[in-house]
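Note: hydrogens, waters and symmetry copies are ignored here, and every other heavy atom, side chains too, is used.
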Amino acid sequence: MSKDTIGNLLTYIRNTDMNKKRTVRIPYTKIGENIIKILLREGFIENMRKHLENNKCFIVLTLRHRKKRTGQNGIILNLKQISRPGLRIYSNYQGIPRILGGMGIVILSTSRGIMTDREARIEGIGGEILCYIW
């Protein structure tokens with residue numbers, strides 16, 4: 001496991017979604033918990049709970065799948081990490097990109113905590129662009 005906690009979080013969720021599984025267990029980090037709370041609030045995941053096992057804390061997620069017309073579960077999450085440990089990307093509130101014309105979300109790390117692009121534009125603050133989700 002690498003030190004890139006955001007990349008690991010996104011990879012756990014992306015792999016679980018691609019394998020059409022509903023639950024995933026992710027190692028607990030504070031920044032991961034904040035990103036997952038945003039995903040829960042925006043409706044990309046169904047449920048989140050903390051789980052303690054052998055003095056280690058985990059977050060158990062239940063992913064949301066939609067039905068295709070053929071009756072198979074479809075992949076709904078597209079996650080792309082923008083800032084990474086070797087390359088940090090910052091933006092002011094006017095330069096925050098819009099994903100799919102506002103259909104997707106941009107998650108930012110600001111001086112007031114982790115928030116979505118809509119919240120950052122309302123507050124008038126910029127920050128480090130962590131990831132895109134659509």
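- Taking NZ of Lys37 as the reference point, atom CD1 of Ile35 lies at 12.5 Å (rounded to 0.5 Å).
- To the nearest 0.5 Å, atom OG1 of residue Thr23 and atom CD of residue Glu46 are 11.0 Å apart.
- Ser83 contributes a side-chain N or O that, together with a main-chain N or O of Ile89, makes up a donor-acceptor pair within less than 3.5 Å.
- The shortest side-chain heavy-atom distance between Glu42 and Ile133 does not fall under the 4.5 Å cut-off.
- A chain of hydrophobic side-chain contacts below 4.5 Å, direct or via other Ile, Leu, Val, Met, Phe, Trp or Tyr residues, connects Ile105 to Leu63.
- Met115 is not connected to Ile122 by any chain of hydrophobic side-chain contacts under 4.5 Å among Ile, Leu, Val, Met, Phe, Trp and Tyr, and they are in different clusters.
- When hydrophobic clusters are built by joining Ile, Leu, Val, Met, Phe, Trp and Tyr residues whose side-chain heavy atoms come closer than 4.5 Å, directly or via intermediates, Leu87 is grouped together with Val106.
- Nearest approach of Pro97 to Ile129, heavy atoms of both residues: CD-CD1, 3.8 Å.
- Of the charged side-chain nitrogens involved, none lies within less than 4.0 Å of a carboxylate oxygen, so that Arg112 and Glu119 do not count as a salt-bridged pair.
- You'll find the side chain of Leu9 stays beyond 4.5 Å of the side chain of Thr29, heavy atoms only.
- When all heavy atoms of Trp134 and Gly104 are compared, the pair lying nearest together is CB-CA, 3.9 Å.
- Other residues, nucleotides and ligands contribute over 12 non-hydrogen atoms within 6.0 Å of the CZ atom of Arg88.
- Expressed to the nearest 0.5 Å, how far CD1 of Ile31 lies from CG of Asn34 amounts to 7.5 Å.
- Contact detail for Gly124 and Tyr93: the closest heavy-atom pair is O-CD2, 3.5 Å.
- Although no hydrogens or angles enter the test, the distance criterion places a donor-acceptor pair under 3.5 Å between the side chain of Arg14 and the main chain of Leu79.
- Within the model, atoms NZ of Lys21 and CG of Leu61 stand 14.5 Å from one another, a figure rounded to the nearest 0.5 Å.
- Taking all atoms of both residues into account, the shortest heavy-atom contact from Leu10 to Lys80 is CD1-C, 4.4 Å.
- Between Leu108 and Ile125, every side-chain heavy-atom pair lies at or beyond the 4.5 Å cut-off.
- With a 4.5 Å cut-off on side-chain heavy atoms, Asp4 and Gln81 count as touching.
- One finds the CD1 atom of Ile6 at 11.5 Å from the CD1 atom of Ile82 (value rounded to the nearest 0.5 Å).
- Considering only heavy atoms from C-beta on, Tyr28 stays 4.5 Å or farther from His51 through its side chain.
- Between Asn92 atom CG and Arg121 atom CZ the span is 10.5 Å, to the nearest 0.5 Å.
- Hydrophobic clustering places Leu40 together with Ile107 (ILVMFWY residues linked when any side-chain heavy atoms are closer than 4.5 Å, directly or through intermediates).
- For the pair Val24/Asn15, no side-chain contact is recorded, criterion being any heavy-atom separation below 4.5 Å from C-beta on.
- Neither Ile96 nor Tyr90 shares a network with the other; the hydrophobic side chains, linked directly or stepwise wherever heavy atoms of I, L, V, M, F, W or Y lie under 4.5 Å apart, form separate groups for each.
- When all heavy atoms are compared, the tightest approach of Ile45 to Arg64 is O-NH2, 4.1 Å.
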